[in-house]
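To start, the structure itself, in structure tokens.
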Amino acid sequence: MIQQAVNQVLQPIFDATFSNNSFGFRPKRSAHQAITRAKTYYEQGYKYVVDIDMKAYFDTVNHDKLMYYIEQKVQDKRVLCLTRLYLKSGIMVNGLFEPSEEGTRQGGNLSPLLSNIYLNEFDKLLPKRGYKFVRYADDCNIYVKSMRAGYRVMEKSIKFLEEELKLTVNREKSAVGSPMKRKFLGFCIMPMRNGVKIRPHQQAKLSVKQKLRKLTKRNRGKSTEVILKQIKQLMTGWLNYYGISVMKRFINELNGWLKHRLRQYIWKQWKKPKTRYRNLVQLGIDKQKAYEWSNTRKGYWRISASYILHRPLTDKELARLGYIDISKKYQFVHSNY
DNA sequence: ATCTCGGGAAC
RNA sequence: AUUGUUCCCGAGAU
């Protein structure tokens with residue numbers, strides 16, 4: 001509550017001083033802008049990335065250094081006091097409340113801003129050395145033209161971060177590599193025939209598929225209507241974020257797979273042969289065939305794969321039930337970029 | 001233009 | 001699992 005007030009005071013003061021290449025936790029700045037900046041670097045020939053990740057970032061910020069940076073810009077004693085109080089207020093460890101000499105409370109209102117104030121020192125250093133970089137919170141990417149340059153830059157950066165800022169770099173997660181392979185904000189960068197493009201990282205693709213799979217599990221006693229609504233809001237949100245990327249093939253595959261799963265789900269909901277029969281007839285199947293199909297013993301998946309369900313449950317029928325065609329939605333969203 | 005709630009995403 | 005900042009979408013209120 002009181003932290004929010006402090007945040008509102010500090011935010012505008014410090015945000016003005018932050019680097020143009022820092023995008024995390026800042027007003028009017030999004031992950032899209034960050035990945036777009038990275039893409040620009042790639043287009044300019046910086047085809048290797050030094051990806052530096054801080055270990056337990058929020059826990060390792062040095063209080064005295066941080067307060068020093070704040071004192072440079074803020075004179076108000078009350079604000080300084082409150083900030084120090086906030087820093088001292090402790091972090092949660094294994095559910096226990098521990099007072100802390102280091103670190104800022106995870107999930108605290110001030111933490112994101114404080115992390116930016118702290119890492120702003122790193123942001124100031126990088127351009128001095130002529131490095132192209134993008135930072136989003138503790139995820140810092142420096143773009144260089146060769147692997148060799150990359151290793152050199154990484155070494156120097158780690159040295160600065162650990163010796164000057166007293167942070168711990170996560171060496172497992174940090175690496176020099178190609179932006180084609182490495183994940184940044186859920187995306188990766190890919191040169192194509194018609195230019196450099198942004199794509200969702202493999203992990204992002206897998207995780208959305210997993211979420212859809214969970215939503216369409218047959219176990220849950222939800223109505224088709226509810227399921228379709230949930231799919232709609234999940235995919236609307238997901239495409240709002242990932243729609244910036246080029247992924248026509250993936251989307252088409254996902255769409256086909258999902259419709260397949262939905263038909264299976266609906267068929268399963270018509271539990272008894274009687275309901276199946278009634279629904280099939282209602283959807284315009286002649287009585288003879290409806291009777292045969294409704295008594296079939298094949299597994300649900302095979303049934304929905306077969307033309308049995310495609311005939312009555314056409315794409316049009318799915319749409320009528322509330323299914324949002326992912327391919328069309330993607331094309332629509334993506335056309336804005 | 002502000003705000004609440006619901007959802008998606010980054011960290 | 002929960003919290004936080006920011007961005008985006010939807011619904012609603014003034």
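In what follows, every chain begins at residue 1, and chains take the letters A, B, ... in the order their sequences are listed.
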Interatomic distance, A:Q203 CD vs B:dA9 P [rounded to whole Å]: 14 Å
Gap between atoms CZ and P, on A:R135 and C:U6 respectively (whole Å): 16 Å
Among B:dC11, B:dA10, C:U6, the one nearest A:F25 by side-chain distance: B:dC11
Sugar-phosphate only, base, or nothing, as touched by A:Y242 at under 4.0 Å among non-hydrogen atoms: sugar-phosphate
Minimum-distance nucleotide to A:P112 side chain [options: B:dA9, B:dC11, C:G4]: C:G4
Nucleotide of B:dC11, B:dA9, C:G4 approaching A:N109 most closely (side-chain heavy atoms): C:G4
Interatomic distance, A:Q210 CD vs B:dA9 C1' [rounded to whole Å]: 17 Å
Test item: A:Y330 and A:N255 side chains (from C-beta on) under 4.5 Å apart, heavy atoms: no
Nucleotide B:dA10, atom C1' - distance to CG of A:D51 in whole Å: 14 Å
Nearest-angstrom distance from the residue atom CD of A:Q11 to P of C:C7: 9 Å
Atom pair distance, as rounded to whole Å: NE2 in A:H201 and P in B:dC11: 11 Å
Among C:C7, B:dA10, C:C9, the one nearest A:Y241 by side-chain distance: B:dA10
Single-linkage hydrophobic cluster A:L318~A:W257, side-chain heavy atoms < 4.5 angstrom: yes
Presence of A:K173 side-chain N/O under 4.0 Å of B:dC11 phosphate oxygens OP1/OP2: no
Protein-nucleotide distance (A:L119, atom CG; C:U5, atom C1'), rounded to Å: 15 Å
Nearest-nucleotide pick for A:Q233, side chain only, options being C:U5, B:dG7, B:dC11: B:dG7
A:Y136 OH - C:U5 P separation (whole Å): 13 Å
Closest listed nucleotide, where the reference is the side chain of A:N240 and the choices are B:dG7, C:C8, B:dC11: C:C8
A:S30 side-chain proximity, nearest of C:G4, C:C7, B:dC11: C:C7
Residue whose nearest RNA chain C nucleotide is more 5′ - A:H32 or A:L110: A:L110
Salt bridge (charged side-chain N to carboxylate O under 4.0 Å, His left out) pairs, two or more places apart, involving residues 174-183 of chain A: A:D51-A:R182
Any A:Q4 side-chain nitrogen or oxygen under 4.0 Å from OP1 or OP2 of C:G4: no
Any donor-acceptor pair under 3.5 Å from A:T314 side chain to A:R311 backbone: no
Touch class at under 4.0 angstrom, heavy-atom based, for A:K211 against every strand present: sugar-phosphate
Aromatic ring pairing A:F250/A:W238, orientation class (parallel under 30°, perpendicular over 60°, tilted between): tilted
